[in-house]
Amino acid sequence: MATQRVLQWRAFARTWWLYDAANQCPFVSAYRVVPYLQGKHKPIFHPLSDVGDHVVVINTKDIAMQADYWRTFTFFHHTGYPGGFSKASAWRVHEIDPTRVMQLSVYSRIKGNLLRKGLMRRLHLFPDDKIPDEILENVSDQIRQVQPVAKRLDQYSEEEVTEFPKFFDWPEDFVKDGYKRHMTRKKPKRRYTV
Amino acid sequence: MSNRAIPNAFVKNVLQNGLGRYICQLQRVTLNFCKATPSSLGTRDFIEKYLVDFTRENPGTVVYVKPIRNRAPFLVAEYLNGRQERVSTKDMPADEVCKWLEHLRTRSGAQIVNLRKEWLTNTPSTQGVWHPFLNKNPSLAGTSFPAPELYGAKTESKSATDMVLEEAGVKKVGSVDSASSKE
């Protein structure tokens, strides 16, 4: 029956998903994105059938990392030749290519089998929200973000800031922090008390 | 599993045999044995002890008993689908011959193959085939992406700002009331 053939095409049609990585942790986002690449969110999933979807990730330049991971998290690479080892901290990798951290976190999340490179080819990464039209026209749904995005102070209007409720007034002699970070932190003197 | 030499197929049944009535698929069985050699001893015992009972219980099956000289004994079963199965009964006691004959009797005659899947249905699903657009909100078709209002993370707990605003709202009212009452 001809309709059976069409039903098959429809069941195995690839969906294109959009994921906004702005202010999202790349490692947690990888956990969210990879099942869509593998097709594990579908009831027809089977490891031998190729049912993975496409995921378009935008705003990868605005990803957020917890604590001081930008400084401490290190990516390693080895070319295979003697002396081919190199490493770079996350901020450096991000500076060179703003899509690279997201790409590596998704890549390391997928199991290292023959499917990995095929799945990675269905991951489309863009540093900002400028997507080519031929990709954007395929997108039919969005993946929910992994963490809520807080509103920054400069995103509030001046009215909202001035009208925000105050519980108390600062004393006149109180010195507010000027948001300057001391580069060298002095070791506090140890005081001996009797 | 993925071997081209070993045949593989899907589960099948002979014309839904047994749903209404059961038809024994074994049509003819030939017992080949030697009258003299010891390798046929068990087969000869079987013929003496059990074969008549077997034929009485299975009137739909033709039984041939065929003496062959100085050869190892064997059973040949012929099925309704035209296939033959051959089982060597060399050096087997009568009980074991009995078991093999029972095995041949209860088979459908289909070749034993690797099963690609352990299930099979010829009837399509009643609820229809799944597709990626099932249970999706139809308004997605008219949405232009990216649509930030659709993909924000769900938060069940209140943020600190919400809590402050809520607290302030209560306090404001209370403080005004208390202030006015004091005055």
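Below, chains carry the letters A, B, ... as their sequence lines are ordered, and counting in each starts from 1.
In this structure, B/Tyr79 is a member of the same hydrophobic cluster as B/Trp100, with clusters built from ILVMFWY side-chain heavy atoms closer than 4.5 Å. Residues B/Leu104 and B/Val65 are members of one and the same hydrophobic cluster, defined by side-chain heavy-atom contacts under 4.5 angstrom among Ile, Leu, Val, Met, Phe, Trp and Tyr. When the side chains of ILVMFWY residues are joined at heavy-atom separations under 4.5 Å, either directly or via intervening members, B/Leu26 and B/Tyr50 end up in a single hydrophobic cluster. Side-chain heavy atoms closer than 4.5 Å link hydrophobic residues (I, L, V, M, F, W, Y) into clusters, and following such links, possibly through other members, connects B/Val63 to B/Leu75.
Here the CZ-CD1 distance, from B/Phe145 to A/Ile131, works out to 10.5 Å after rounding to the nearest 0.5 Å. Here the CH2-OH distance, from A/Trp17 to B/Tyr151, works out to 14.5 Å after rounding to the nearest 0.5 Å.
Listed here is the closest heavy atom pair of A/Arg10 and B/Pro132: O-CD, 3.0 Å. Closest approach of A/Gln145 and B/Ala153 over heavy atoms only: O-CB, 3.4 Å. Between A/Asp141 and B/Lys136, the closest heavy-atom pair is OD2-CE, 2.9 Å.
Looking only at heavy-atom pairs under 4.5 Å with chain B, the residue among A/Asp129, A/Asp53, A/Val139, A/Ile58 that has the most is A/Val139. By number of non-hydrogen pairs under 4.5 angstrom with chain B, the leading residue of A/Arg14, A/Lys42, A/Gln147 is A/Lys42. Of all the listed residues (B/Leu140, B/Leu134, B/Val129), the one sharing the greatest number of non-hydrogen pairs under 4.5 Å with chain A is B/Leu140.
At a 4.5 Å heavy-atom cutoff, A/Trp9 makes no contact with chain B through either its backbone or its side chain. For B/Ala141, no part sits under 4.5 Å from any heavy atom of chain A, backbone or side chain. When heavy atoms are compared at a cutoff of 4.5 Å, A/Ile143 approaches chain B solely by way of its backbone atoms N, CA, C and O. The contact between A/Phe164 and chain B is made entirely by side chain atoms (from C-beta outward), counting heavy-atom distances below 4.5 Å.
Remark: A/Glu134 CD is packed, more than 12 non-hydrogen atoms of other residues, nucleotides or ligands lying under 6.0 Å away. Within 6.0 Å of atom CE in A/Met120, more than 12 heavy atoms from other residues, nucleotides or ligands are found, so the atom counts as buried in its surroundings. By the neighbour-count criterion of 12 heavy atoms within 6.0 Å, atom CZ of B/Arg71 is sparsely surrounded, having that number or fewer from other residues, nucleotides or ligands. No more than 12 heavy atoms of other residues, nucleotides or ligands shown are found within 6.0 angstrom of CD on B/Gln127. By the neighbour-count criterion of 12 heavy atoms within 6.0 Å, atom NZ of A/Lys151 is densely surrounded, having more than that number from other residues, nucleotides or ligands.
Looking at A/Gln142, its side chain does come within 3.5 Å of a backbone N or O of B/Ala147 through a donor-acceptor pair.
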